[in-house]
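Here's the structure we're looking at; comments come further down.
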Amino acid sequence: MWGYFCLNAILVILIVVVGFYAIVGITLENNARDRVTRAGRDMAAALKTGVSSDLTDEILNYRGEGVNFYIFRTDGKNLQPADFGGVYDELFKEIENRLGDKEVGKDKFFRTGNKINYALVAENKNGEIRYILASYSMSIVRETVGTLQLWLLFAGGIAMLLALLFSYEFSKHLTRGLNVMSEKAVKLAHGDYEVEFINANYKEMAQLSDSLNYVRDEVKKSEDFQREILANTTHDLKTPLTMIKAYASMIMEISGDNPEKRNKHLQVIIDESDRLTGLVNDVLSVSKLRSNMEEMNLTVFDLTELVYAIVEKFGYLQESQGYTFMIDIQPNLYTYADEEKIYQVLYNLIGNAANYTGADKTVYISLKSNFDGTINEFFVRDTGKGISEEELPEIWNRYYRVKENHPRPVKGTGLGLNIVKAILENHSFVFGVDSEVGNGSEFWVYFPAVPPEVYNEINNSENK
Ligand code: ADP
């Protein structure tokens, strides 16, 4: 990580230094050009108006600014600076070459060595043609810039050193935090759910810590769930198995020859086996629904018939245990769903109502179409103790059981409502429960209605 930081710092500093070199170079050159142009044109104007006879004042003024002037006649004699030895002949030729004809106002830029030159053709107040050359030497400026650049290099070096140091410390800090986190993640992977991911130094790291803590909680929950499912199922399996073994022994040793007793004991074995089957089926359903392994087999079917069939299943409670099922079921109501799973849902809800209803042992079941016939509303109500407000959201969870003893005419595993919830959510059906302590509970499911014509049409085409 430190390597990347260093590279980054070096790149930034290099860009700044090179940029500075380029910008300073270009700016200086442009400034010099502006300066000689301005000076040259000023001088041409002074020449034309003839403010002073030999322009010495102007020339001295500009010299102060670093601009030197040369003024020539067209025959090559230089008027400024005064010279009698032909020292400037070369220069004159150069100017004459560059300017070509002697048209007033014509001008040209050119460089000679370190100098920026501006030559132009002008005339004096008598209309005589003169060549003016304004020349600016960049050498002093270059020297200053050179010193500046040296300083810049020096400052750049220091900045680089500081950047390296800073990034070293920063990356050390950052990687230390990351290393601690990854060590903790390994611990978590080995099953230590006590690890706490803490890192509040940087926002992103804090977010990562939060996510990892969340992962830890979820993994722990899932592990707890597995442990719980194992504990609960083994416990629930043990009771019927003990019963089966005990009654089988009794038949062998005591009741084998007494048909009445034997049948009674055999019935217990059958009931307990049913309980076992139910339990195993529930556990399978939960794990399949949980991993979305079970596919939905959607069909249009007769909901009225299905509810009747389930109520009939509970007929033995009416006959042998004094239960009453008050039903209010509208005929010919159809829906589109997975029939087998809806059977499971309604069986669980009605079974729960029977389990938890009050002393009157009454369960109310209704299935009706709503006002505009778009929804078939199923309700099952009991007269039991009801469910408290805090417990209401919990009952849909796996293995949740309200901590009280209930009479249990129907087998229960604590998985029923969880299966109900998973199935109805898979169907995207609306469902819920209304309950109040002391006033019983009412569970309801809204099924989308399929019109009888559609149902008949499908049935007819299937029978053809
Ligand atoms: P169980 O096999 O224990 O009935 P469920 O998942 O079907 O498991 O129900 C979970 C818990 O919700 C039950 O243990 C019970 O405490 C509560 N419950 C479910 N239905 C009713 C009801 N009709 N009246 C009161 N409590 C209920």
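We're numbering straight along the sequence, starting at 1.
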Worksheet item: Between Tyr118 and Arg35, does any side-chain donor sit less than 3.5 Å from a side-chain acceptor?
Response: no
Discussion item. Under the rule for side chain to side chain donor-acceptor pair (under 3.5 Å), what residues qualify as partners of Asn370, not counting sequence neighbours?
Written reply: Asp372, Thr374
Practice prompt. Under the salt bridge (Lys or Arg N to Asp or Glu O under 4.0 Å) rule, collect the residues that match up with Glu389, sequence neighbours excluded.
Written response: none
Item to complete: List in chain and number order the residues that pass salt bridge (Lys or Arg N to Asp or Glu O under 4.0 Å) with Asp257, two or more places apart in sequence or in another chain; answer none if no residue qualifies.
Response: none
Worksheet item: side chain to side chain donor-acceptor pair (under 3.5 Å) with Arg38: which residues, sequence neighbours excluded?
Response: none
Discussion item. Could you tell me if Ser135 and Asn117 have a donor-acceptor pair between their side chains, going purely by distance under 3.5 Å?
Written reply: yes
Fill in: Residues forming a ring pair (Phe, Tyr, Trp, His ring centres under 6.0 Å) with Tyr336, sequence neighbours excluded
none
Item to complete: Report, as yes or no, whether the 6.0 Å neighbourhood of atom CD on Glu436 holds more than 12 heavy atoms from other residues, nucleotides or ligands.
Response: no
Practice prompt. For the pair Asp382 (side chain) and Ser441 (backbone), establish whether a donor and an acceptor sit closer than 3.5 Å, ignoring hydrogens and angles.
Written response: yes
Worksheet entry | salt bridge (Lys or Arg N to Asp or Glu O under 4.0 Å) against Glu319, all qualifying residues, sequence neighbours excluded | none
Worksheet entry | Asn348 side chain vs Val420 backbone, donor-acceptor pair below 3.5 Å | no
Worksheet item: Just wondering, more than 12 heavy atoms not from Lys115 lying within 6.0 Å of its NZ?
Response: no
Discussion item. Testing the 3.5 Å rule here: is there a donor-acceptor pair between the side chains of Asn263 and Gln267?
Written reply: no
Worksheet item: Does atom NZ of Lys106 have more than 12 heavy-atom neighbours from other groups under 6.0 Å away?
Response: yes
Practice prompt. Kindly state each residue pair satisfying ring pair (Phe, Tyr, Trp, His ring centres under 6.0 Å) with at least one member in residues 143-163, sequence neighbours excluded.
Written response: Trp151-Phe154
Item to complete: State whether a side-chain donor-acceptor pair under 3.5 Å links Thr362 with Thr383.
Response: no
Practice prompt. Assess whether atom OH of Tyr214 is packed by more than 12 heavy atoms of other residues, nucleotides or ligands within 6.0 Å.
Written response: no
Worksheet item: Salt bridge or not for Arg111 and Glu29, using N-O below 4.0 Å?
Response: yes
Worksheet entry | From CA spacing to verdict: ring-ring contact (aromatic ring centres under 6.0 Å, His included), Phe378, Tyr446 | CA-CA 6 Å; Phe378 170 84; Tyr446 290 167; over 10 Å; no
Worksheet entry | Salt bridge present between Arg41 and Asp107 (N-O < 4.0 angstrom) | yes
Can you give the donor-acceptor pairs under 3.5 Å from side chains of residues 241-252 to other protein atoms, not counting sequence neighbours?
residue: Thr242; atom: OG1; partner: Lys238; partner atom: O; Å: 2.5
residue: Ser249; atom: OG; partner: Lys245; partner atom: O; Å: 2.9

Worksheet item: Considering residues at least two apart in sequence or located in another chain, which fulfil the side chain to side chain donor-acceptor pair (under 3.5 Å) criterion with Glu223?
Response: Tyr193
Discussion item. Checking Asp42 now: which residues fulfil side chain to side chain donor-acceptor pair (under 3.5 Å) with it, not counting sequence neighbours?
Written reply: Tyr62
Worksheet item: Is the Phe429 to Phe447 ring centre distance short of 6.0 Å?
Response: yes
Discussion item. Under the salt bridge (Lys or Arg N to Asp or Glu O under 4.0 Å) definition, can you give me all pairs with a residue in residues 207-220, not counting sequence neighbours?
Written reply: Glu196-Arg216, Glu218-Lys221, Lys220-Asp224
Discussion item. Using a 3.5 Å distance criterion without hydrogens, assess whether the side chain of Asn8 forms a donor-acceptor pair with backbone atoms of Tyr4.
Written reply: no
Fill in: Residues in salt bridge (Lys or Arg N to Asp or Glu O under 4.0 Å) contact with Glu169, at least two apart in sequence or another chain
Lys172
